[in-house]
Amino acid sequence: MASQALSIITTIIPYIRETLRRHSSSPNLVADFDKLKRTTQEYQDEIHGKLISIMSDRARTHVATMKKMNWDEPWVGEDGRYYMDILCRETGVLYKVLNRHLPLPQVHGIMGPVFQDYADKLVDGVTGALVRTEEGKKRYVVLPLVTHQSTPLH
């Protein structure tokens with residue numbers, strides 16, 4: 001919501017500036033409105049950066065879980081993929097909220113870096129896993145599909 005409010009302010013500032021420029025003789029007024037617009041855009045960029053950072057931290061946590069997993073031991077139910085379910089749900093919630101409140105270019109500006117970070121971190125997690133048994137390889141084989149790369153099994 002803060003990003004949306006800043007977007008509205010950033011959009012209307014040029015109109016207010018132009019109206020005041022026509023009716024005011026102060027040359028500093030136009031410069032002040034230009035500075036205000038830059039400042040609100042910087043705040044909005046910081047909010048977007050914070051969202052990307054939060055999702056990066058979440059991915060880092062889940063990749064740490066993936067690296068600690070013992071792929072060779074049998075899983076009970078879907079316990080072994082629980083970390084990925086959580087990451088997918090968190091990402092879906094973020095996307096739904098952003099898509100509901102922000103213009104599509106801003107949604108892409110946030111989700112693009114989030115997904116790129118996921119790809120980098122998941123590759124790290126996949127390459128850091130140690131798999132020794134055939135059953136472990138069967139459990140593990142789904143993960144390279146996420147990164148669209150084939151990763152050698154250890």
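Hydrogens, waters and symmetry mates play no part in the numbers below; they use all other heavy atoms, side chains included.
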### Query
What about Tyr95 and Leu87, same hydrophobic cluster or not, with Ile/Leu/Val/Met/Phe/Trp/Tyr joined at side-chain heavy-atom distances under 4.5 Å?
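In one cluster: yes.
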### Task
Spell out, yes or no, whether Val97 and Val114 are grouped together once hydrophobic residues are joined by side-chain heavy atoms under 4.5 Å, including indirect joins.
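No: no chain of side-chain contacts under 4.5 Å links Val97 to Val114.
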### Lys/Arg N to Asp/Glu carboxylate O, Lys50 vs Glu46, below 4.0 Å
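A salt bridge is absent here (no side-chain N lies under 4.0 Å from a carboxylate O).
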### Query
Ion pair present between Asp57 and Arg60, side-chain N to carboxylate O less than 4.0 angstrom?
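Yes, charged N to carboxylate O under 4.0 Å.
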### Task
Please check if any side-chain donor atom of Asp45 sits under 3.5 Å from a side-chain acceptor atom of Gln41, or the reverse.
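Their side chains do not contain a donor-acceptor pair, so the 3.5 Å distance test is not met.
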### Task
Using only heavy-atom distances, determine whether the side chains of Thr91 and Tyr118 contain a donor-acceptor pair under 3.5 Å.
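Thr91 vs Tyr118: donor-acceptor pair found between side chains.
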As an exercise, state the distance from [atom1] of [X] to [atom2] of [Y], rounded to the nearest 0.5 Å.
{"X": "Ile16", "Y": "Lys37", "atom1": "CD1", "atom2": "NZ", "value": "11.5 Å"}
{"X": "Asn99", "Y": "Gln106", "atom1": "CG", "atom2": "CD", "value": "12.0 Å"}
{"X": "Thr19", "Y": "Phe33", "atom1": "OG1", "atom2": "CZ", "value": "9.0 Å"}

### Query
Should the heavy atoms of other residues, nucleotides or ligands under 6.0 Å from OH of Tyr43 be counted, would the total exceed 12?
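At most 12 heavy atoms, drawn from other residues, nucleotides or ligands, come within 6.0 Å of this atom.
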### Query
For Glu42, what residues pass the salt bridge (Lys or Arg N to Asp or Glu O under 4.0 Å) criterion, not counting sequence neighbours?
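Glu42 satisfies salt bridge (Lys or Arg N to Asp or Glu O under 4.0 Å) with no residue once adjacent residues are dropped.
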### Lys121 versus Ser56, closest heavy-atom pair with distance
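Closest approach of Lys121 to Ser56, heavy atoms only: NZ-OG, 3.1 Å.
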### Query
side chain to side chain contact (heavy atoms under 4.5 Å, CB included) with Leu98: which residues, sequence neighbours excluded?
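In terms of side chain to side chain contact (heavy atoms under 4.5 Å, CB included), with neighbours along the sequence ignored, Leu98 is linked to Leu51, Leu94, Leu102, Val107, Ile110, Met111.
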#### Entry: Trace of the side chain to side chain contact (heavy atoms under 4.5 Å, CB included) decision for Ile52 with Asp117
CA-CA 9 Å; Ile52 293 166; Asp117 185 65; 5.7 Å; no
